[in-house]
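In this text the structure is predicted, and so the values were computed from the model without any measurement. Starting from 1, each residue takes its place in the sequence as its number.
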Amino acid sequence: TVAQGASSVFVGDATSAPELLPFRKFLAVAHVGSPFATVFGYREEVDFVKLESPEQPPTGFGMEIKFTGDGKLLLVGHAIPPFLTVYERKKDVFDPATTVTGFPTGQVNSIAFRGDGRMVFVGHNTYPYITIYTKNKLVLNKVDLIDKPPPGNVNGIAVSSDGYYIAVAHEKAPFVTMYLFDGDLS
């Protein structure tokens, strides 16, 4: 049975699926209105409560939001440069992380992680339409691993649990491109 929880949260125009951390600790939502991303923390006595917004919110409409598997980073894709904002979680506080090398070239529409969390795939609306990062602790390093980018705006990315297959949905034929990753991060 699935039942509605004790509370609901209001954030305005949500633009992506809400992101939940395991064990109901945090709920994050990207949205159109300022501050463009909102994070809620779980409190047993009151369910979810809105946490204080980061001092440096994303720079434009929040389009996608994802926690890393370990919950230490929160990535927000948005419509205005630098298009990707990364926050480090320290208990209930989300501070901007300055550990990103090479930002996406356009509005971020999708973020996905390889199962082991060592790679981040970011889909956006300008060439090369996908940006890939390796993740080492709190650092995201841009890498060039795709020899033939998707043919158009990327709207969704899925990664197999073993990390070897990456499916990319885009706006031009063939509309879904499959990539096979050989496991070499160099």
Do the side chains of P81 and T59 get nearer than 4.5 Å, heavy atoms only? no
Heavy-atom pair of closest approach, residues F83 and A79: CE2-O, 3.5 Å
Is there side-chain contact between F36 and H78, with heavy atoms separated by less than 4.5 Å? no
Quick check for you: to the nearest 0.5 Å, what is the distance between I166 atom CD1 and L180 atom CG? 7.5 Å
The reported gap from CG in D162 to CG in D116 (rounded to nearest 0.5 angstrom) is 10.0 Å
Indicate yes or no: at least one non-hydrogen side-chain atom of V159 is less than 4.5 angstrom from one of Y165. no
Test item: R114 and F121 side chains (from C-beta on) under 4.5 Å apart, heavy atoms: yes
D70 bridged to K135 by N-O distance under 4.0 Å: yes
Non-hydrogen side-chain atoms of F94 and V39 separated by less than 4.5 Å: yes
Could you tell me whether the side chain of Y133 reaches within less than 4.5 Å of the side chain of V143, counting heavy atoms only? no
On a heavy-atom basis, which atom in N125 and which in N153 lie closest, and how many Å separate them? O-OD1, 2.8 Å
Indicate the atoms forming the closest heavy-atom contact of P57 with P35, along with that distance. CB-O, 3.5 Å
Hey, is the main chain of G115 close enough, under 3.5 Å, to the side chain of S161 for a donor-acceptor pair? no
Side-chain polar contacts of residues 101-111 - donor-acceptor pairs under 3.5 angstrom, sequence neighbours left out - could you list them?
from: T101; atom 1: OG1; to: L140; atom 2: O; distance (Å): 3.4
from: T101; atom 1: OG1; to: N141; atom 2: OD1; distance (Å): 3.3
from: T101; atom 1: OG1; to: K142; atom 2: N; distance (Å): 3.0
from: T105; atom 1: OG1; to: H124; atom 2: ND1; distance (Å): 3.4
from: T105; atom 1: OG1; to: T126; atom 2: O; distance (Å): 3.4
from: T105; atom 1: OG1; to: T126; atom 2: OG1; distance (Å): 2.8
from: T105; atom 1: OG1; to: Y127; atom 2: O; distance (Å): 2.9
from: Q107; atom 1: NE2; to: N109; atom 2: OD1; distance (Å): 2.9
from: N109; atom 1: ND2; to: V154; atom 2: O; distance (Å): 3.1
from: S110; atom 1: OG; to: I157; atom 2: N; distance (Å): 3.0

Is there a side-chain contact (heavy atoms from CB on, under 4.5 Å) between I132 and Y179? Walk through the geometry before answering. CA-CA 13 Å; I132 301 172; Y179 293 96; over 6 Å; no
Could you check if a side-chain atom of Y129 sits within less than 4.5 angstrom of a side-chain atom of H170, using non-hydrogen atoms only? no
Short side-chain to backbone donor-acceptor contact, T177 and P150, under 3.5 Å: no
Inter-residue atom distance I80.CD1 - M63.CE, 0.5 Å rounding: 11.0 Å
Side-chain heavy atoms of R118 within contact of T134, under 4.5 Å: no
Show the numbers, then the answer: is there a side-chain contact (heavy atoms from CB on, under 4.5 Å) between V76 and Y87? CA-CA 8 Å; V76 182; Y87 296 97; 4.0 Å; yes
Is it true that F175 and V168 fall in one hydrophobic cluster, defined by side-chain heavy atoms closer than 4.5 Å? no
Where do F113 and L75 land on the side-chain contact (heavy atoms from CB on, under 4.5 Å) test, with the steps shown first? CA-CA 11 Å; F113 298 96; L75 285 69; 4.1 Å; yes
Can you measure from OG1 (T131) to CG (L145) and round to the nearest 0.5 angstrom? 11.5 Å
Checking V93 against E52 for the side-chain contact (heavy atoms from CB on, under 4.5 Å) test, could you report, in this order, the C-alpha distance in whole Å, the side-chain angles of both residues, the deciding distance, and whether it holds? CA-CA 8 Å; V93 177; E52 189 172 319; over 6 Å; no
Residue pairs meeting salt bridge (charged side-chain N to carboxylate O under 4.0 Å, His left out), one or both in residues 167-176, sequence neighbours left out, come to none
In this structure, OG1 of T68 is separated from CG of L73 (nearest 0.5 Å) by 4.5 Å
Does the plane of the ring in F67 sit parallel, tilted or perpendicular to the ring in F26? Use 30° and 60° as the thresholds. tilted
How many angstroms lie between NZ in K72 and CZ in R89, if you round to the nearest 0.5 Å? 9.0 Å
If you take all heavy atoms of I65 and A37, which pair is closest and at what distance? CD1-CB, 4.0 Å
